[in-house]
2 protein chains.
Amino acid sequence: MVTLKEIAQECNVSATTVSNILNGKPKVSEETRLKVLDVVKRRGYQPNYIAQGLRNQKTRTIGIIAEDIAQFSTPGMIESIMAFCEEKGYRTIVQNLRLYARWQESWFNNEEAYRSVLEPALQELRSIKVDGLIYVAGHARIIHFFKEDLSMPAVMAYAYTDSPAVPAVVIEDEQGGYDIMKYVLSMGHRRIGIIGGRADNIHTKKRLLGAQKAMFEAQVLYNPDWVRYGAWDRDSGYEMAKPLIDAGVTAIFCMADRMAGGVYDYLEECGLKAGVDVSVAGFDNQDVAEYFRPALTTMALPLSEIGHKSAEILLKEIDGEWKAASGGTPVEIGVPCTLVVRKSVGKIEA
Amino acid sequence: MVTLKEIAQECNVSATTVSNILNGKPKVSEETRLKVLDVVKRRGYQPNYIAQGLRNQKTRTIGIIAEDIAQFSTPGMIESIMAFCEEKGYRTIVQNLRLYARWQESWFNNEEAYRSVLEPALQELRSIKVDGLIYVAGHARIIHFFKEDLSMPAVMAYAYTDSPAVPAVVIEDEQGGYDIMKYVLSMGHRRIGIIGGRADNIHTKKRLLGAQKAMFEAQVLYNPDWVRYGAWDRDSGYEMAKPLIDAGVTAIFCMADRMAGGVYDYLEECGLKAGVDVSVAGFDNQDVAEYFRPALTTMALPLSEIGHKSAEILLKEIDGEWKAASGGTPVEIGVPCTLVVRKSVGKIEA
DNA sequence: TTGTAGGCGTTATCAT
DNA sequence: ATGATAACGCCTACAA
């Protein structure tokens with residue numbers, strides 16, 4: 001790599017002068033300026049960002065820590081974080097914790113294992129002297145690993161924090177559950193089954209709350225027997241479909257498109273038609289939803305908005321334009337989900 | 001961040017001594033060793049990787065440049081690259097070029113735009129002084145942007161190079177095309193349509209070649225009229241299905257699962273059943289394939305093997321155990337695709 | 001056994 | 001207008 005010093009030598013000037021020219025400092029003679037610029041171009045000199053950071057303690061670089069880039073929700077957020085940062089003249093760097101790839105779901109409550117992976121990633125970003133950090137979670141929960149001083153501005157994307165210093169940008173699960181249930185109700189359904197994710201999961205709880213609210217507003221009695229919990233996957237959907245169908249529901253709201261896939265499986269096995277005999281609604285709007293037959297009505301996750309918002313807030317923090325939460329309550333920014341109507345929820349006579 | 005110097009001060013020793021202790025150098029009194037180690041632990045000191053690299057010109061860090069992490073094939077490769085590197089004690093850092101997100105496909109032949117994005121990423125990695133680089137391409141083609149001195153070991157994943165210094169790890173498209181066509185033939189089909197990707201695409205050409213070979217071996221006449229080209233997407237599949245069905249094929253091999261989705265669409269529209277009236281085979285084994293009805297028979301991309309192999313080769317290069325290609329021919333490592341039999345190809349009487 | 005000096009690439013400060 | 005110096009955090013060679 002060509003260095004400043006080499007350029008300086010070749011031009012018979014000091015490194016300082018070259019640096020000044022490159023950084024647009026005023027007091028330089030036009031003559032030296034041109035000479036230096038010429039050599040810089042010819043030699044293809046590029047500054048070493050890291051050395052700059054070492055000196056300036058500012059890098060105009062944002063660190064992104066992803067819990068797992070293979071989680072379906074992650075690339076969309078990262079993409080929009082990067083787009084925004086780039087627009088604002090910030091570089092980005094990604095650290096991938098690979099949490100799910102390593103341990104499936106067994107890390108959720110294993111703080112020690114978790115930290116053994118998180119710490120090196122943080123250390124790497126601190127070493128690079130990134131100006132700020134966005135933590136992209138794989139699923140919503142309260143992450144309290146941010147208490148100790150991060151020594152840099154940070155934003156949590158897709159999960160909650162208990163630190164007032166770290167704003168959280170999350171999806172509005174409750175509104176999502178509300179909207180889709182309201183839609184199902186609007187199609188005339190009254191006996192509606194629900195297949196949630198794991199019962200203790202934040203997404204599950206909030207979506208359920210929203211759904212209940214919609215039912216309450218429509219004066220439809222909430223029947224706990226019609227609520228089942230799964231593990232977010234296709235098999236769970238299949239398994240939980242039976243009791244619900246047996247109970248005579250006319251529609252099933254699944255809190256994940258993939259679980260809806262399992263419901264389709266069960267329906268097919270019974271010779272029932274999704275969207276006709278039994279309506280199905282999903283959540284997530286994963287790519288698969290469009291390939292279901294009939295195509296799946298679902299809620300779209302506002303991934304790119306979350307990424308955008310997170311980056312926006314982080315840069316504000318960095319510029320000192322962000323007022324920390326007053327009174328020690330963590331700031332929480334909710335971004336709404338969007339209903340995507342396709343073909344899997346049919347209209348019925350009430 | 002706590003620094004070496006601070007630790008040294010607190011212990012009343014020199015930075016050298018602390019450094020020596022931390023790096024396991026021999027000549028240190030047990031007494032100072034314990035004292036220092038204690039303070040290191042208490043203050044939570046962590047070495048600055050970057051400063052180490054600045055000094056050592058070695059970081060035990062691998063840079064990954066992804067053309068777009070939102071390409072479906074990319075996370076799988078990155079995941080396995082990281083797993084392997086970590087196992088070998090290397091850290092990784094990702095740069096995402098976001099090529100498709102920026103420009104869809106219009107960058108393919110716009111070298112200037114391409115370089116304006118590639119260069120900063122390379123620069124960043126050079127600044128960090130990564131020990132090597134894996135470039136994860138979004139689709140196969142010959143990438144000749146590696147001629148100029150990269151000044152570090154590099155491996156190309158999922159695309160080809162024309163530089164003998166950069167080994168390429170690619171999928172065996174020809175074998176893939178061959179295997180799946182052979183399977184379709186084995187199910188009794190003789191009138192087989194093919195929907196390729198873009199006609200000038202390497203994947204398309206090689207898979208077609210393999211398919212032709214299988215047909216030749218089975219003594220089935222190759223009919224150019226039964227070969228159509230699409231744009232890898234669902235719409236193309238839909239569009240190209242009609243002429244093929246009209247021509248009376250009994251099976252269609254689509255070079256992308258998503259195009260197969262389009263074929264399913266057309267079939268449904270015609271009241272035809274995939275896998276019964278017309279068989280369909282895909283390629284890629286994307287997540288969607290399993291949700292098709294009937295589930296799609298397809299070729300699985302060896303993404304994790306490609307990542308693994310790429311990382312393996314790169315670390316060999318770094319350790320000087322990799323002999324560069326002799327005679328200026330680029331090295332090319334092919335990794336085979338795997339047939340995944342599901343339900344979309346039915347058996348028929350020949 | 002421990003410490004000093006120098007340098008990795010850059011820039012701010014303070015001369016000249 | 002230009003340059004010498006020091007410093008960012010770390011490590012290695014060499015000196016004490």
Side-chain angles (χ1 to χ4, degrees), chain A residues 1-37 39-40 43-61 91 123-131 151-152, chain B residues 1-37 39-40 43-61 91 123-131 151-152:
Chain A
M1 238 173 74
V2 197
T3 70
L4 235 206
K5 201 190 275 182
E6 295 177 69
I7 299 293
Q9 278 172 353
E10 187 164 338
C11 297
N12 291 315
V13 295
S14 74
T16 307
T17 302
V18 178
S19 172
N20 284 338
I21 291 171
L22 259 20
N23 293 297
K25 292 283 173 10
K27 324 194 141 197
V28 205
S29 79
E30 195 57 15
E31 192 189 358
T32 21
R33 226 179 62 85
L34 291 178
K35 182 174 60 180
V36 167
L37 253 21
V39 175
V40 161
R43 298 289 306 275
Y45 167 78
Q46 307 261 168
N48 182 316
Y49 299 146
I50 296 298
Q52 284 179 334
L54 185 60
R55 174 64 238 222
N56 297 337
Q57 307 288 40
K58 279 274 165 211
T59 49
R60 287 195 82 79
T61 300
R91 292 184 300 271
Q123 185 56 20
E124 181 94 27
L125 295 181
R126 278 194 284 249
S127 293
I128 292 171
K129 295 216 179 304
V130 296
D131 297 339
S151 70
M152 63 175 106
Chain B
M1 238 171 76
V2 197
T3 69
L4 234 206
K5 201 190 277 182
E6 294 177 71
I7 300 292
Q9 277 172 354
E10 189 164 337
C11 298
N12 291 316
V13 296
S14 74
T16 308
T17 302
V18 180
S19 172
N20 283 338
I21 292 170
L22 258 22
N23 294 298
K25 291 282 170 13
K27 325 197 139 193
V28 205
S29 79
E30 194 58 15
E31 190 189 1
T32 21
R33 226 179 63 83
L34 291 178
K35 182 174 61 177
V36 168
L37 253 22
V39 175
V40 161
R43 298 289 306 274
Y45 168 78
Q46 307 260 169
N48 183 317
Y49 299 146
I50 296 298
Q52 284 179 334
L54 189 59
R55 172 63 239 227
N56 297 340
Q57 309 288 42
K58 279 274 166 210
T59 49
R60 285 194 84 78
T61 300
R91 292 183 299 272
Q123 184 56 20
E124 182 93 27
L125 295 182
R126 277 194 285 249
S127 293
I128 292 170
K129 297 217 180 299
V130 297
D131 296 340
S151 69
M152 62 175 105

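- Between the CG atom of N20(B) and the P atom of dA13(D) there is a distance of 11 Å, given to the nearest Å.
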key: Stepwise side-chain contact (heavy atoms from CB on, under 4.5 Å) check, I50(B) with L54(A)   = CA-CA 9 Å; I50(B) 296 298; L54(A) 185 60; over 6 Å; no
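- Scanning residues 47-60 of chain B for heavy-atom distances under 4.0 Å to DNA chain D yields P47(B), N48(B), A51(B), Q52(B), L54(B), R55(B), N56(B).
- If you take CG of L34(A) and C1' of dA1(D), they are 15 Å apart, rounded to a whole angstrom.
- Protein atom CD1 of I21(A) is 12 Å distant from nucleotide atom P of dA1(D), rounded to whole Å.
- In this structure, T3(A) reaches the sugar-phosphate backbone alone: every heavy-atom distance under 4.0 Å involves primed, P, OP1 or OP2 atoms, never a base.
- Residues K58(A) and D131(A) come closest through the heavy atom pair CA-OD1, 3.5 Å.
- When side chains are defined from C-beta on, V13(B) counts as touching V18(B), because their heavy atoms get closer than 4.5 Å.
- When the P atom of dC11(D) is taken as reference, atom CD1 of I7(B) falls 12 Å away, rounded to whole Å.
- A donor atom on one side chain and an acceptor atom on the other are found under 3.5 Å apart for T17(B) and S14(B).
- Side chain of T59(B) to backbone of K129(B): a donor-acceptor contact under 3.5 angstrom is found.
- With contacts defined as side-chain heavy-atom distances shorter than 4.5 Å, the pair C11(B)/T32(B) does not qualify.
- Heavy atoms of L4(B) sit under 4.0 angstrom from primed sugar atoms or phosphate atoms, though from no base atom.
- Within the 4.0 Å cut-off from OP1 or OP2 of dT2(C), not a single side-chain nitrogen or oxygen of T17(B) is found.
- Under the 4.5 Å side-chain criterion, counting only non-hydrogen atoms from C-beta, L22(B) is in contact with Y45(B).
- Using a distance-only test at 3.5 Å, with no hydrogens or angles considered, no donor-acceptor pair links the side chain of E10(A) to the main chain of I7(A).
- At a non-hydrogen distance threshold of 4.0 Å, K27(A), V28(A), S29(A), T32(A) from residues 22-32 of chain A come into contact with DNA chain D.
- For K129(A) and dG9(C), the NZ to C1' distance is 15 Å, given to the nearest whole Å.
- With Q123(A) contributing its side chain and Q46(B) its backbone, the two residues share a donor-acceptor pair below 3.5 Å.
- Look at CD on Q9(B): it is 15 Å from C1' on dG3(C), rounded to the nearest Å.
- Look at T16(A) and you won't find any side-chain N or O under 4.0 angstrom from OP1 or OP2 of dT2(D).
- Put simply, NZ on K5(B) is 10 Å from P on dC10(D), counting in whole angstrom units.
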